[in-house]
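This report concerns only the one structure given below.
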Amino acid sequence: ERMPKIPVDIGIMEQADERIVVPVDYGWSDVGGWRALYDISEKDAEGNVLENDGIVIKSNNCYAISNREKLITLIGVNNLVIVDTDDALLVADKNNSEKVKEIVNQLKNTKRNQYL
């Protein structure tokens, strides 16, 4: 909790006096958001990712997860990120899912830290 919230490359690598760079080709993906997780996940024939048991009807390119074992159903929706946790539910257009940072800032500003 007391660690500064800065990227590893700035906080550690740029501070090192001696560095070595080794070129590699291993398919790196900087998984920094829900869209990135969708991109690297295995999808069904309609491009959906469900990380629980689910039923999908006329829905495409959605990413839906829950940290509880529950049935996930999608009907007639497209391009959504749906994340269900014990204390919060996120539903966002996949193209705007990076704006979750704005929600985090609002939670901090309104002192609702129990959701962070």
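Other residues sharing the hydrophobic cluster of Ile6, ordered by chain and number and joined by side-chain separations under 4.5 Å: none, the residue standing alone.
Counting all heavy atoms, side chain and backbone alike, Val21 lies closest to Pro23 at O-CD, 3.9 Å. When every heavy atom of Lys94 is checked against every heavy atom of Arg35, the shortest pair comes out as CG-CD, 3.5 Å. When all heavy atoms are compared, the tightest approach of Ser59 to Gly76 is OG-N, 3.1 Å.
Linking Ile, Leu, Val, Met, Phe, Trp and Tyr residues whenever their side-chain heavy atoms come within less than 4.5 Å places Ile82 and Val56 in a single cluster. With hydrophobic clusters built from ILVMFWY side chains whose heavy atoms lie under 4.5 angstrom apart, Val81 does not share a cluster with Val77.
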Side-chain polar contacts of residues 100-109 - donor-acceptor pairs under 3.5 angstrom, sequence neighbours left out - could you list them?
residue	atom	partner	partner atom	Å
Asn105	ND2	Lys101	O	3.4
Asn109	ND2	Asn105	O	3.3

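Not counting sequence neighbours, the partners of Asp53 by the side-chain contact (heavy atoms from CB on, under 4.5 Å) test are Leu71. Partners of Asp84 under the side-chain contact (heavy atoms from CB on, under 4.5 Å) rule, at least two apart in sequence or in another chain, are Ser66, Arg68, Lys70, Leu89. Under the side-chain contact (heavy atoms from CB on, under 4.5 Å) criterion, Glu51 pairs with Ser41, Val49, Tyr63, Ile65, not counting sequence neighbours. Contacts of Thr73 classified as side chain to side chain donor-acceptor pair (under 3.5 Å), with partners at least two apart in sequence or in another chain: none.
The side-chain heavy atoms of Leu50 and Leu74, taken from C-beta on, include a pair separated by under 4.5 Å. A heavy-atom distance below 4.5 Å is found between the side chains of Asn67 and Asp86.
The closest donor-acceptor contact from the side chain of Ser97 to the backbone of Asn95 lies at 3.5 Å or more, if one exists at all.
For Glu69, the CD atom is loosely surrounded, since the number of other residues' heavy atoms within 6.0 Å does not exceed 12.
Rounding to the nearest 0.5 angstrom, the gap separating the OH atom in Tyr38 from the NZ atom in Lys43 is 5.0 Å. A distance of 8.5 Å separates CD1 of Ile55 from CD1 of Ile75, quoted to the nearest 0.5 Å.
Of the listed residues (Asn78, Asp44, Asn48, Asn79), just one forms a side chain to side chain donor-acceptor pair (under 3.5 Å) with Asn60, and that residue is Asn78.
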